[in-house]
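Computed from a prediction, not measured in an experiment: that's the story for all the values here. Note that ligands are numbered from 1 as they come in the structure, with each ligand's atoms numbered from 1 the same way.
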Amino acid sequence: MEKIAILTRDCAGVNAAIRSVVRTVSDFGMEVVGVMRGYDGLIDGELMPLNRRSVSGIINRGGTILKTSRSQRFYTESGQEQAVKTIHDNGIEGLIVIGGNGSLTGAHVLATKYNISVIGIPATIDNDVTGVDLTLGADTAVNVALEALDKIRDTATSLERIFIVEVMGRSCGYIALNVALAGGCEEVLLPEMDVNLDGMCKEIQEGNEKGKVSWIVIVAEGKAKAHDIADIITKKTGLETRAAVLGHIQRGGRPTAMDRLLGARLGNYAVNILKEGTTDHCVNFKDDKLFTIPLSVAIQPKEIDVDSYYRLIKILT
Ligand code: F6P
């Protein structure tokens, strides 16, 4: 294999992974190009030659230096064929796709339908890739949300208020669960669990009568909207409630050490196995070991065990 390409989504740690891929490829004496703007760029043939120097000074930066897109065109047969043409016309023999479910599904399509050699690196703040304990970007997202939450707590405590804080995660409650436990929150509403709003309001009211005056409830975006929950609590309890939506700040920012290390390890491993002939798999790192899982497994909806975490959150409240 002499020439490979990298295509990315954005989250913290992706630049560290790009750097690792590029420098590993260069160590092997191979050529590497970056695909600009994700699958749209692959369709349009927007490629950028990369070398050791082009990835200097990016290990600490969030987002992706290659830019990205949510490509609608890649869902179509003609978009996919055009993307494959770019790969063949440019002598690209292998592709590394760094991204979440959507990007990895695209990688699986390229491998199975068009026989392209593809390796995925799981990267999404949602941490919803099946078989993968920790995707790139998830650790930074939890830490960013936690920092914001600590600041909100200052106001919640000072004004004796209830706060509903909405975090990202699409249909996965990973960020919500981790932020709630690490942030010492009283309640968390998750897509994976039924919610008893009447019970929660009763608990808040009874707590208030006993002198517990400030509450923080984390709500996962895939479950409900923070403002709707705040309205319900205000109506049912009469207590002053505010909502805060953390939004995209969770996807950006300076990657944590964990995300940089993960990017370095996974990027290097991805190049090695691609070169050795593995395809249609994504790389993974667990218990200090690197291994692969089939993309067909990785893109299935992920089930997370929320019960033990949730019980602990309630015990520690
Ligand atoms: O998948 C990452 C994510 O940030 C989700 O948590 C969120 O639901 C979604 O992307 C937001 O997408 P967009 O940036 O396209 O609005």
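- For the residue pair Ser117/Thr279, the side-chain donor-acceptor check at 3.5 Å is not satisfied.
- Protein heavy atom closest to atom 6 (O) of ligand 1, with residue, atom name and distance, is Asp126 OD1, 2.7 Å.
- Near Arg170, meaning under 4.0 Å from one of its heavy atoms, ligand 1 places the atoms 1 (O), 6 (O), 8 (O), 9 (C), 10 (O).
- When heavy-atom distances to ligand 1 are checked against a 4.0 Å cut-off, Arg251 comes that close only through its side chain, counted from C-beta outward.
- Expressed to the nearest 0.5 Å, how far CG of Leu95 lies from CD1 of Ile4 amounts to 8.0 Å.
- Listed by atom number, the atoms of ligand 1 under 4.0 Å from Glu221 heavy atoms are 5 (C), 6 (O), 7 (C), 8 (O).
- In this structure, Gly169 has a heavy atom closer than 4.0 Å to ligand 1.
- Annotation: cation-pi pair Lys286/Phe291 absent, no NZ/CZ under 6.0 Å from the ring centroid and within 45° of its normal.
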Between Ile59 and Asn15, does a side-chain contact (heavy atoms from CB on, under 4.5 Å) hold up when you go through it step by step?
-> CA-CA 6 Å; Ile59 197 167; Asn15 283 329; over 6 Å; no

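- For ligand 1, none of its N or O atoms has an N or O atom of Met168 under 3.5 Å away.
- Under a cut-off of 6.0 angstrom, the local environment of CG in Asn115 is sparse, with at most 12 non-hydrogen atoms contributed by other residues, nucleotides or ligands.
- From the protein, the heavy atom lying nearest to atom 15 (O) of ligand 1 is Arg70 NE, 2.7 Å.
- The closest approach between Gln250 and ligand 1 stays at or above 4.0 Å for every heavy atom of the residue.
- Remark: Lys236 does not engage Asp231 in a salt bridge, criterion side-chain N to carboxylate O under 4.0 Å.
- Of the protein's heavy atoms, His248 NE2, 3.4 Å lies nearest to atom 16 (O) of ligand 1.
- A single hydrophobic cluster is not seen to contain both Val129 and Val306; linkage of ILVMFWY side chains at heavy-atom distances under 4.5 Å, directly or through other members, places them apart.
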